[in-house]
Amino acid sequence: MTIIVSGSLAYDRIMDFRGYFSDHILPDKIHALNVCFQVNGIKEKFGGTAGNISYALTLMGQSPSSPPQSAMIIKGTSDG
């Protein structure tokens, strides 16, 4: 059986934050949330929906493939 996985590929940036977000977010001000956190470190790993699904399928013994290059949709960024 052929499994074709289509989705995003991305870098996940995983940050090490020592503490609880709830200590810095005021419940009565949640509608105007503006926070900044200092992190102890950051790791970059491959991610995105297509990458995560393909990885999970591989762990289950499957051999997923990506669609041909001509069938891939490249999503751009918007200012809106």
Side-chain angles (χ1 to χ4, degrees):
M1 173 186 348
T2 301
I3 299 172
I4 297 176
V5 177
S6 178
S8 64
L9 292 174
Y11 279 113
D12 290 337
R13 289 177 177 87
I14 303 166
M15 296 170 223
D16 182 25
F17 173 67
R18 309 239 179 195
Y20 297 98
F21 292 119
S22 60
D23 293 340
H24 302 277
I25 299 173
L26 303 172
D28 59 327
K29 301 289 184 183
I30 196 74
H31 63 282
L33 185 62
N34 185 8
V35 294
C36 180
F37 298 104
Q38 184 174 355
V39 296
N40 295 323
I42 186 169
K43 296 178 188 172
E44 276 193 356
K45 301 207 178 230
F46 289 113
T49 56
N52 291 336
I53 292 169
S54 295
Y55 178 73
L57 286 169
T58 301
L59 291 177
M60 293 186 281
Q62 301 297 317
S63 298
S65 62
S66 60
Q69 186 69 21
S70 61
M72 291 183 153
I73 298 173
I74 309 271
K75 182 178 179 184
T77 60
S78 69
D79 296 325

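Computed from a prediction, not measured in an experiment: that's the story for all the values here.
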With Tyr55 as reference, evaluate Ile53, Leu59, Thr58 under the side-chain contact (heavy atoms from CB on, under 4.5 Å) test and give the passing residue.
Leu59
Is atom OH of Tyr20 surrounded by more than 12 heavy atoms (other residues, nucleotides or ligands) closer than 6.0 Å?
no
Minimum heavy-atom separation for Leu9 and Gly51, please, with both atom names.
CD2-N, 3.5 Å
Where is the tightest heavy-atom contact between Asp12 and Gly48, given as atom of each residue plus distance?
OD1-N, 4.1 Å
Closest heavy-atom pair and its distance - Gly47, Asn52:
CA-OD1, 3.9 Å
Linking I/L/V/M/F/W/Y whenever any side-chain heavy atoms sit under 4.5 Å apart, do Val5 and Met60 land together?
yes
Report, as yes or no, whether the 6.0 Å neighbourhood of atom CG on Asp28 holds more than 12 heavy atoms from other residues, nucleotides or ligands.
yes
Heavy-atom neighbours of Phe46 CZ exceed 12 at 6.0 Å
no
With a cut-off of 6.0 Å (strictly less than), are more than 12 heavy atoms of other residues, nucleotides or ligands near CD of Gln38?
no
What heavy-atom pair brings Ile25 and Leu33 nearest, and what distance separates the two atoms?
CG2-CD1, 4.0 Å
